Each structure stands twice: as C-alpha cells, then as structure tokens.
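Reading through the structure tokens given below for one structure.
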Amino acid sequence: MITDPGRTPPSVELHVHVEGTLEPELIMELAGRNHVELPFRDLDDLRARYAFDDLPHFLALYYANMAVLRTADDFAAMTRAYLERAAVGGVRHVELFVDPQAHVARGVALEAVVDGVAGALGDTAPGLGITTGLIACFLRDRPADEALDVLRALLAAGAPLLGVGLDSAEVGHPPGAFGEVFALAAEAGLRRVAHAGEEGPPAYVWEALDVLGAERIDHGIRSLEDPALVERLVRDAVPLTVCPLSNVRLRCVDDLGAHPLPEMLRRGLRVSIHSDDPAYFGGYLDDNYRAVTAALGLSRDELARLARHGVDAAFVSPARAAELHAGIDAWRGAG
Ligand code: HPA
Ligand code: ZN
C-alpha cells in the first residue's frame, strides 16, 4: 500500500506482534531457504486463507506460518522488514510483542528468537529514527507453568526486555492463572500489559488489572459493556491499545463504521490505535489511521489526540515523550 505520511500523524506503535508482521512473500522465501514444507501450494493459495471467522481461526494460521522461522537470521529479517515498513508509515517508537513460547514449543532455541528480534531492533531502528522496546508475551491457552519456565529462562539469559504481555486465544482463558508469572516479571522490574476484552468479557479486564497488575490493556473494546469498569479505567487513566482493522477482520465488530472507538473517546477512555498483526489484517499503523479517518470521519485534532494517547501510554522517558508529543503537535499545526 502506498503511504502518505502527511495525512497520518507521527505515531507510537504499542500493539504489534512481530510474528504478525510476517508477510506472505517472506513466508515463501524463508520456507525455501529452510526447506520447510508448507500446507499450501503457492502464494495465492496462502493468501486465500486470510479470511477469518474469529480469533482462534486466525491464530491457527498465525502459528502454522511460524514454521518457517528457524534461525536468528529469520527472526532478524522479519523484524527489519517490519521496522522499515513502520518508518515509512511515520512510526517513531515501537514496543514490539514477541511470542517466545510459540517458538520454543516447536523446538527453536530461545536465544535464536531473542538474538534475532532484539538484534534487529538494535541494529536497524536507530538509523530509522525509531526508538524501541521488546515485550515478551505469554500464551494464555498454554499452561501457566510453561510461561513461568520461559520467563525464568528469559531472565537467566539476560534478554533485553521492556516488559511482559499476555496473548493468544482469550475466551475460556482468564488472565488470573498468570498471577505468579506477572508477579515474577514485576519483581524483575519489567512493565506489564495484557490482552483482555478483545473477544473475552469485561471480567477478564478486571482480572488483568487486579490480578496481573496490567499497566495497559490491549484491545479492551468489550469494557464498554460494564459501566463500573469504564469508571475504573477512566479514573486510573488506564491506556487501551485498540486495533480497528484487527477488530473487523476477526469479526469482533461488524465493520469499521460500527467500531466503538468514538464511543470510547467520548467516555474519556485513554484509547490509542495500533495494528496488531498487520500482515494478516490488511494494514500497518498508518493504514489503521487512514481507515478510521475514512470510516468514522475523525478530524485532524482527533487523530492527533489518538496519537498523543499513544505517547502517554508508552514506556518512554519524559524527554522522549516530549519529543514525540512535539512531532504530533507540529503535524497537527501543519494541517
Ligand atoms: N489477539 C490475541 N493474541 C494474539 C493476537 C490477537 O489479536 N495476535 C497475535 N496473538
Ligand atoms: Zn494483539
């Protein structure tokens, strides 16, 4: 997709899964390089599978496609491709999710994952003017003991982590089971975020806050169903990282015109917008900005407000936040 950075604000990406940036072309290239047999004939046959009924349906393809990621170089190539695309779309700061368990569980060394992703963040992002952090997510549909083992291994290896998160199939997997994992992460000085209220009920958002100590909620769109929860989120200014194109592609909302984003803003929630799994859901962060602008008629001021919320929600120094805010204000003023 051709991008026009002038029409979307300089932005902060807080909700993107690096494995969700693995584009079909790179899947084919890595499959060839690593001699991985894929369960589809060609690129067209792969692309035909990108229509999803719900989150578990998407996750089946997302995990299957990871089979092509074998070496640190593969993880680095995926990460670099993402950073380059993000820079073109005006992204200035990224807190990147990675799913280490998904790779360790299929026999890839934890070091290959961390060295590849963190190495590419370190060698590529500065030249693009992007600051970064890495957030290791745990898979809520796998045992909490396994998550604890992976967290201990990450800490023992000195992985350069900013924080931890919680993702994968939500319904039937409430956050509370991961209390010990998040407590250990907090003890280790890591920031904590969690997916909640994407497909799951508001009760999962409460648990993410109260049991995990989550500092940000990823998605959280179902919070609107519970007025007491909205009050809590507004009172504590809890950031919600909302992913509009993802919500449509996973059928959490019927279409973009019906997205609860405007209502969330009206209620005073700290919403920012993000791309989730851009290679799967039809667009990167700038594409999400353009799509909500077209579907919801957001003004330049409203776009700037969303972008500023992203900065406020980012785990950055006050000095970096001031730089990022200044970039957004300059963009708004130039409109
Ligand atoms: N939701 C939950 N887990 C995920 C997602 C998502 O959209 N993408 C990758 N893991
Ligand atoms: Zn996500």
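Throughout, residue positions are numbered sequentially from 1 according to the sequence presented. Start at 1 and go down the list; that is how both ligands and their atoms are numbered. Please read all numbers here as calculations on a predicted model, not as lab measurements.
The nearest protein atom to atom 8 (N) of ligand 1, hydrogens excluded, is given as Asp277 OD2, 2.7 Å; this is a heavy-atom distance. Atom 10 (N) of ligand 1 has its closest protein heavy atom at His17 CE1, 3.5 Å. When hydrogens are left out, the protein atom nearest atom 3 (N) of ligand 1 is Ser168 N, 2.8 Å; that is the closest non-hydrogen contact.
Near Leu59, meaning under 4.0 Å from any of its heavy atoms, are these atoms of ligand 1: 4 (C), 10 (N). Residue Leu55 has at least one heavy-atom neighbour below 4.0 Å for each of these atoms of ligand 1: 1 (N), 2 (C), 6 (C), 7 (O).
The nearest pair of heavy atoms linking Ile328 to Ala304 is CG2-O, 3.7 Å.
For the residue pair Arg142 / Ser168, no side-chain donor-acceptor distance below 3.5 Å is found, with atom types taken as modelled. When only modelled atom types and interatomic distance are considered, Asp276 and His219 share a side-chain donor-acceptor pair under 3.5 Å. His103 and Glu19 form a side-chain donor-acceptor contact under 3.5 Å, judged by distance and modelled atom types alone.
A side chain to side chain contact (heavy atoms under 4.5 Å, CB included) with Arg270 is found for exactly one of Leu233, Thr241, Asp312, namely Asp312. For the pairing with Phe58, the ring-ring contact (aromatic ring centres under 6.0 Å, His included) check across Tyr63, Phe281, Tyr50 returns one residue only, Phe281.
The atom name of the N/O/S atom in His195 closest to the Zn ion (ligand 2) is NE2.
The part of Glu198 lying near ligand 1 is the side chain, judged by heavy-atom distances below 4.0 Å. Counting heavy atoms closer than 4.0 Å to ligand 1, residue Phe97 contributes nothing at all.
Rounding to 10 degrees gives 90° for the angle at the Zn ion (ligand 2) between NE2 of His17 and OD1 of Asp276.
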Test Glu13 against Tyr82 for side-chain contact (heavy atoms from CB on, under 4.5 Å), laying out the working first. CA-CA 12 Å; Glu13 177 59 282; Tyr82 166 65; 3.3 Å; yes

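The shortest N or O to N or O distance between Asp276 and ligand 1 is below 3.5 Å.
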